[in-house]
Structure formats: structure tokens, C-alpha cells
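Position 1 is the first residue of the sequence; numbering continues from there.
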Amino acid sequence: MMELRQSQKQTQMLTPQMAQSIQILQMDIQTLREYVEEVFQENPMLELPEQKEGLDHGEEPEGRVETLAAGDWQNVYYHAQDAEGGQGDALSNLGCFVDEENDLKRYILSQFMGTELERDVMAGVEFLLDRLDPEGFLDESLPELARGSGLSERTMERALIELQAADPAGVGARDLGECLRLQLERRAGDHRLAAAIAENYLDHLAKNRYGAIGRALNAAEPEVREACALIRRLTPRPGAGFAARENLAYITPDVVVTEVRGHLELSANDAMLPRLQLSPYYNELLRNTGDREVREYLAEKTNQAKWILRSIEQRRSTLLRCAQWIVERQGEFFYHGPGRLRAVTMGDAARELGIHESTVSRAVKDKYLQCDRGIYPLNYFFSRSLGEGGTSTAAAKVLLRELVEGEKSPLSDQRLSQEMTARGCPLSRRTVAKYREELGIPPAVGRKKS
């Protein structure tokens with residue numbers, strides 16, 4: 001016989017407003033920008049403040065981003081492209097890409113402006129540009145290219161010479177060996193040995209078979225090593241730095257760290273976010289309207305707008321608190337590099353900041369930090385300890401690479417494990433093998449120097 005009983009229990013319900021706040025906390029700056037644009041269009045209670053002359057609140061972090069990015073030639077190129085378009089309304093350019101050209105093609109074509117090439121040769125250059133793959137190579141032979149273009153092989157050969165003389169060096173090559181040779185030809189000095197290795201002995205070079213290369217080319221091993229070192233400094237994919245804009249994955253950092261007078265300074269990079277505020281006009285209408293439906297509608301939109309603005313500000317505050325904690329705990333990284341990265345966890349951050357670990361996780365999810373060492377995802381700075389000294393995974397990989405680069409003869413994974421343990425970073429042989437593969441380092445037999 002069934003018996004009915006009553007019982008009480010407490011459950012935590014996630015309201016729509018709380019869910020929205022959590023969603024905003026997780027958004028990266030690009031997603032948040034799109035979200036702000038959407039709510040701006042939908043909610044009449046939100047408006048853009050009037051622009052005042054002089055510097056606004058957001059210009060300083062933006063200037064820091066541009067300063068840090070100034071040394072990156074790819075960023076300089078894209079900043080120049082953006083500058084050509086001028087400055088528009090704060091919302092009118094959100095997420096807009098109007099460039100349908102391939103940037104590599106545009107860049108190379110600009111080098112032929114003002115030249116006096118014969119018309120058919122220039123037509124051949126343009127045809128070849130259309131045949132380049134994203135890495136800057138041609139995968140067709142000269143006769144095939146000539147047939148496809150309707151031009152003579154002689155004309156196409158001249159066009160190819162002109163293309164291969166353009167920047168970036170190595171563009172228009174038919175294979176990797178030719179690409180490397182084209183780059184060597186632009187360097188001062190005699191690099192015939194390096195060119196011969198690039199065109200005929202890349203397999204030997206990949207396996208560090210310096211003795212075999214020397215015997216084949218009748219060259220001394222020190223000269224072979226020097227030539228191979230030069231080849232390794234060349235660019236194997238000359239067009240890889242360019243991409244069609246629709247395929248461009250451009251990361252916008254959420255926070256920026258700069259060194260000012262010997263100490264680290266953190267700022268939020270939220271200059272790209274429109275500064276929304278409540279509309280004074282609709283606030284006045286809400287207070288004075290006698291229409292019940294209008295008042296209810298505006299009251300609902302006001303509550304929605306206030307919650308969104310509060311959630312965005314809370315996101316900013318939580319993100320800055322977490323990022324500041326990272327900067328304080330990982331100061332040695334910003335001064336000395338990844339080898340000094342400490343092992344800290346999100347649980348450590350949560351306990352010291354007095355918030356839940358899930359809040360830390362959401363705050364750093366898909367967020368990026370920019371400093372003078374580059375752009376890093378915020379979760380890069382969290383990792384478990386690998387030893388009593390608090391060595392992080394990233395620091396362990398740096399040490400592993402240093403050991404391999406400094407070895408006189410190839411060390412086995414077991415020997416590398418012993419060396420790392422002796423240096424205060426205990427790793428099992430299996431973990432060493434895993435990290436070595438992640439770093440793209442071949443096993444000992446592949447590093448054999450013959």
C-alpha cells in the first residue's frame with residue numbers, strides 16, 4: 001500500500017538574469033562586442049553617450065595594445081589597412097570585413113605599381129598570383145601554367161622570374177627546395193653549399209646527417225653544420241603570414257600588461273566596446289507617461305538594460321581581479337619568460353580572491369592577455385605543480401627543450417627524465433616522451449648527428 005508523505009528541501013534555482021550574467025562573464029571581448037551591438041539595437045533604453053573632445057576613458061589601453069603590436073609586421077600591415085578606411089560610428093564597423101582580395105596578392109601587386117613591364121608579362125604575373133596556394137607556392141609546372149594562361153612559355157618564364165623577385169622572398173616557388181634557394185640568393189655572401197643542401201638533401205638535414213651531406217658534397221662537417229643552421233633560419237612557407245580576411249583569426253586581447261618604471265601595470269582593453277548608458281529621454285518618458293502599456297514596456301526594458309550594464313561591469317571587475325592575481329603570482333614570467341612560470345591553479349586563485357573556482361574558470365575562459373612577450377590565453381598561466389619547487393608544465397617544456405638543444409649526443413627519454421629530475425623537475429619517461437612530441441622534437445634516433 002502506497003503511503004503519501006510531505007517533505008521540504010531547498011534547491012537553488014538559476015534565474016534568467018543570473019544565467020545572463022554568467023553568459024556575459026564567459027564572453028570574450030569580440031563576442032561581447034557583438035552582444036552589446038545586438039542589445040543596443042533591441043533596447044531603446046540604451047544609447048551611446050555624446051562624444052567629448054580629447055581622450056576618453058578607453059583610449060589609453062588601446063594605445064598600449066598598438067604600442068605592443070607595433071613590432072609585429074603583420075599587425076602593422078592590418079592596422080594600416082584599417083586606417084585607410086577612416087573612423088566611423090562606434091557601432092557601424094562592428095564585425096565588418098569589406099576586403100575580399102587575398103592580402104598576399106594585394107601585397108605583391110603593390111610592388112609592381114609604377115613598373116614598366118610589358119603588358120603580356122604583367123598579365124602572366126597576375127595569372128601566377130591567382131595560382132598561388134595560401135603558403136605562396138605554385139603546384140603546376142611552367143608548361144601547364146603557360147597552357148592555362150594562353151601565354152607562351154617564354155612569357156610565362158619571364159613572369160615567373162618577376163614574381164620570384166618580389167617580396168616575401170621565396171614566393172612563387174614550385175617546391176620547398178626552390179623556396180629556400182630563392183631566399184638564400186638574396187643573402188649577402190656565398191651560400192652555394194646551403195643552396196645545394198636545400199635543393200637536394202633536405203631529408204638528410206631533417207635527421208641531422210651532417211657527415212653524410214658532407215661526404216656527398218665534398219664539404220667539411222663544420223661548414224655543413226653552419227649551412228644547415230642558416231637553412232633552419234629561413235621561412236619554409238613565405239605566404240603563411242597572409243590570409244584572406246574571411247579566414248583571418250585575429251585575436252583581440254582582453255587585458256594588457258605593460259612594464260612601467262620597473263613594475264607591471266594591468267589595464268582592460270575594452271576601448272572597442274561601445275560605452276552604453278541609459279537614455280535620459282526614455283527615462284523621462286517613463287516617469288511622465290500616462291499610458292500604462294508604454295510605462296510597463298519601458299519599465300521592463302529599463303530593468304533589462306540595468307541588469308546588462310551591471311553584468312558587463314561585473315565581468316570587467318572579475319576579469320581584472322583574476323588577471324591582476326595572475327600578474328602578481330607570475331611576475332617572473334613577464335620579466336624572464338616561460339621558463340619562470342609558476343605552477344598555480346584556479347583553486348588557488350579562487351581561495352585568495354574569495355570567489356568560487358567556477359567563477360575564475362568562467363572569467364578566464366577564451367580571454368587573452370597581451371604583454372611584450374606576445375599574446376597568451378589566460379588559462380595558460382594555470383597549471384599543476386610537477387615537483388616540490390612548484391615547476392609548471394610550461395616551465396618543464398622549456399627545460400626539456402634546453403636540454404635537447406644543449407646535448408652533445410642525443411639523450412634517450414629515460415636519460416632526459418633523469419636530467420630533469422636532477423634539476424628539480426621530476427618527470428617520468430612517459431611524460432618526457434609526451435612533452436617531446438608536443439614540442440615537435442624527434443626521438444633520440446631522429447636527433448642522431450652523423
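- Atom CZ of Arg232 has more than 12 heavy atoms from other residues, nucleotides or ligands within 6.0 Å.
- Environment of OH in Tyr335: crowded, with over 12 heavy atoms of neighbouring residues, nucleotides or ligands closer than 6.0 Å.
- Legend: residues meeting side chain to side chain donor-acceptor pair (under 3.5 Å) with Tyr380, ordered by chain and number and at least two apart, are absent.
- Looking at residues two or more places apart in sequence or on another chain, you find no side chain to side chain donor-acceptor pair (under 3.5 Å) involving Arg321.
- A 4.5 Å side-chain heavy-atom check between Lys301 and Pro44 finds at least one atom pair inside the cut-off.
- Every side chain to side chain contact (heavy atoms under 4.5 Å, CB included) that Pro143 has, sequence neighbours left out, goes to Ser141, Arg147, Glu153.
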Salt bridge (Lys or Arg N to Asp or Glu O under 4.0 Å) between Asp254 and Arg315, worked out | CA-CA 11 Å; Asp254 296 83; Arg315 171 195 177 275; 3.2 Å; yes
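- Partners of Arg192 by salt bridge (Lys or Arg N to Asp or Glu O under 4.0 Å), not counting sequence neighbours, listed by chain and number: Asp190.
- The salt bridge (Lys or Arg N to Asp or Glu O under 4.0 Å) search around Glu178 returns Arg174, Arg181, not counting sequence neighbours.
- Around the CD atom of Glu226, the shell of radius 6.0 Å holds no more than 12 heavy atoms that belong to other residues, nucleotides or ligands.
- Remark: the backbone N or O of Leu145 is paired with a side-chain donor or acceptor of Ser149 at under 3.5 angstrom.
- Scanning for side chain to side chain contact (heavy atoms under 4.5 Å, CB included) contacts around Ala165 gives an empty result, with sequence neighbours left out.
- Under the side chain to side chain donor-acceptor pair (under 3.5 Å) criterion, Ser412 pairs with no residue at all, not counting sequence neighbours.
- Arg225 and Glu221 are joined by a salt bridge, as a carboxylate oxygen and a charged side-chain nitrogen come within less than 4.0 angstrom of each other.
- Note: Leu403 CG to Glu405 CD = 10.0 Å, rounded to the nearest 0.5 Å.
- No donor-acceptor pair under 3.5 Å is formed between the side chain of Lys207 and the backbone N or O of Asp203.
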Pairs under 3.5 angstrom only: tabulate donor-acceptor contacts from the side chains of residues 121-136 to other protein residues two or more places apart or in another chain.
{"unit_1": "Asp130", "atom_1": "OD1", "unit_2": "Lys105", "atom_2": "NZ", "d": "2.8"}
{"unit_1": "Arg131", "atom_1": "NE", "unit_2": "Glu140", "atom_2": "OE2", "d": "3.2"}
{"unit_1": "Asp133", "atom_1": "OD1", "unit_2": "Glu135", "atom_2": "N", "d": "2.9"}
{"unit_1": "Asp133", "atom_1": "OD1", "unit_2": "Gly136", "atom_2": "N", "d": "2.9"}
{"unit_1": "Asp133", "atom_1": "OD1", "unit_2": "Phe137", "atom_2": "N", "d": "2.9"}

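- In this structure, Tyr210 and Leu205 have side chains that are not in contact, with every pair of non-hydrogen atoms separated by 4.5 Å or more.
- A 4.5 Å side-chain heavy-atom check between Val364 and Met346 finds at least one atom pair inside the cut-off.
- Listed by chain and number, the residues in a salt bridge (Lys or Arg N to Asp or Glu O under 4.0 Å) with Glu332 are Arg340 (sequence neighbours excluded).
- For the pair Leu319 and Lys367, the tightest heavy-atom approach, listed with the atom from each and the gap, is CD1-CG, 4.2 Å.
- Checked against side chain to side chain contact (heavy atoms under 4.5 Å, CB included), Glu328 has the following partners two or more places apart in sequence or in another chain: Gln324.
- Under the salt bridge (Lys or Arg N to Asp or Glu O under 4.0 Å) criterion, Arg329 pairs with Glu352, not counting sequence neighbours.
- Ring geometry, Phe333 versus Tyr376: the interplanar angle exceeds 60°, so the pair is classed perpendicular (tilted spans 30 to 60°).
- Qualifying side chain to side chain contact (heavy atoms under 4.5 Å, CB included) partners for Gln111, counting only residues two or more places apart in sequence or in other chains: Tyr107, Ile108, Ala166, Asp167.
- Within 6.0 Å of the CZ atom in Arg186, the count of heavy atoms belonging to other residues, nucleotides or ligands exceeds 12.
- When side chains are defined from C-beta on, Leu369 counts as touching Phe334, because their heavy atoms get closer than 4.5 Å.
- For the atom pair CD of Glu38 and CG of Asn43, the computed distance is 11.5 Å after rounding to the nearest 0.5 Å.
- Using a distance-only test at 3.5 Å, with no hydrogens or angles considered, a donor-acceptor pair links the side chain of Asn269 to the main chain of Pro253.
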